[in-house]
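Presented below is the structure to which this report refers.
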Amino acid sequence: MKDSFSIVSEEVLFALKNNLGSFLTVKELKSSFNLPPAMIAKAIKELKSWGYLIEGEEYKRYKLTQIPDLLFPLEIKDGLKSKVFGKKIHSFRTMGSTNEFGFTLAENGAPEGTLIVAEQQTKGKGRLGHLWYSPPNLGIWMSLILRPSIPPAKASGLSLCAGLALALAINELTGLEVLIKWPNDCLIHGKKVGGILLELSAELDRVNFVIAGIGINVNQIEKDFPKNLAKKATSLKIEKKENINRLALLRLFLQKFERIYLDFKKFGLVNYHQEIKDHFFLLGKKIKLKLGKKIIKGKAEDIDENGALIIQTKKGEKKIFCGEVTVI
Ligand code: BTN
């Protein structure tokens with residue numbers, strides 16, 4: 001089910017937000033929009049049902065006191081400084097997978113930067129066929145449609161761009177140190193706080209579009225994670241010991257990812273290479289890398305300018321572009 005506000009509610013909300021914390025009389029609201037008081041009262045009811053805290057007396061005056069931390073397009077866009085990312089937003093209370101929905105949208109021509117968010121996913125997709133646990137209202141489960149003019153081989157660098165943007169956004173908002181576990185995980189204290197899943201539609205020599213799926217564990221507490229994840233996963237709330245504003249984080253992430261992405265389209269990873277290396281979780285660690293049926297063991301030494309992982313193995317140095325890494 002798709003959620004959206006009625007136009008009247010949007011207008012009333014807009015007016016209340018402009019007067020956040022102080023009363024607006026029905027007379028004032030009426031004169032701004034020429035709406036009958038009964039419609040204003042209906043809009044207020046609707047807004048309250050969405051979680052907006054509004055005080056006042058019906059047909060007299062209203063005051064907005066709190067905005068819910070829900071991922072409504074209207075709230076995401078309020079104060080969003082990115083130009084392309086999030087210009088078009090599809091927001092759902094619950095859905096299978098934002099990546100799947102995004103893929104269909106992209107196949108039907110949705111523009112670059114289209115954002116799909118869901119409060120809950122019932123079939124959230126992780127890498128390598130895993131399920132991504134996406135409980136309601138506690139995380140950010142989102143996908144972005146990207147249309148870079150690059151060959152498919154270069155697309156994996158986007159995972160590092162998204163990872164870096166997420167690490168920087170989390171750090172700016174919370175002060176927490178996030179490291180990137182090549183190629184697609186964001187970790188705090190060695191536990192997974194975010195994951196990135198890129199899905200591609202491509203010809204041999206060029207990408208048609210990329211769906212960048214990003215999952216961020218934000219306000220879960222320990223018991224919100226299923227037993228099999230409890231040891232490996234964490235959330236910002238667990239690490240920071242306080243509730244984190246998802247809207248603020250989402251906006252910050254979109255801004256940072258857009259900046260890095262636009263640069264990546266022109267110059268590849270060169271300009272962010274050092275920052276990516278500064279967040280390199282695997283540096284110096286002994287690892288096991290699964291590449292289909294092949295297993296490679298060695299020491300993670302570097303990430304090169306194309307985003308490849310450099311491993312020192314018994315047989316010499318190896319450059320790896322994808323795979324599943326375990327620290328041993
Ligand atoms: C991983 O680490 O395995 C990648 C996880 C990616 C999860 C996100 S949540 C939003 C988007 N929609 C999906 O179905 N998956 C991605």
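In this chain, numbering begins with 1 at the start of the sequence shown. Start at 1 and go down the list; that is how both ligands and their atoms are numbered.
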Problem set entry | Distance flag, aromatic centroids of F257 and F85, threshold under 6.0 Å | yes

Problem set entry | Six-ring centre of F281, K285 cation under 6.0 angstrom, axis tolerance 45° | yes

Result block: side-chain N/O donor-acceptor pairs under 3.5 angstrom for residues 172-181, not counting sequence neighbours:
from, atom 1, to, atom 2, distance (Å)
E172, OE1, K256, NZ, 2.7
T174, OG1, I170, O, 2.6
T174, OG1, L176, N, 3.0
K181, NZ, V325, O, 2.9

For this session: Please report the shortest heavy-atom distance between T104 and N108, naming the atom on each side.
Result: O-ND2, 2.9 Å

Exercise. Would F280 and W182 count as a close aromatic pair, with their ring centres under 6.0 Å?
Worked result: no

Exercise. For the side chain of S82 and the backbone of V84, is there at least one donor-acceptor N/O pair under 3.5 Å apart?
Worked result: no

Exercise. Any idea which residues sit under 4.0 Å from ligand 1, heavy-atom distances?
Worked result: S97, T98, N99, Q121, G124, K125, G126, R127, W132, W141, M142, S143, N184, D185, K192, G195, I196, L197, G213, I214, G215

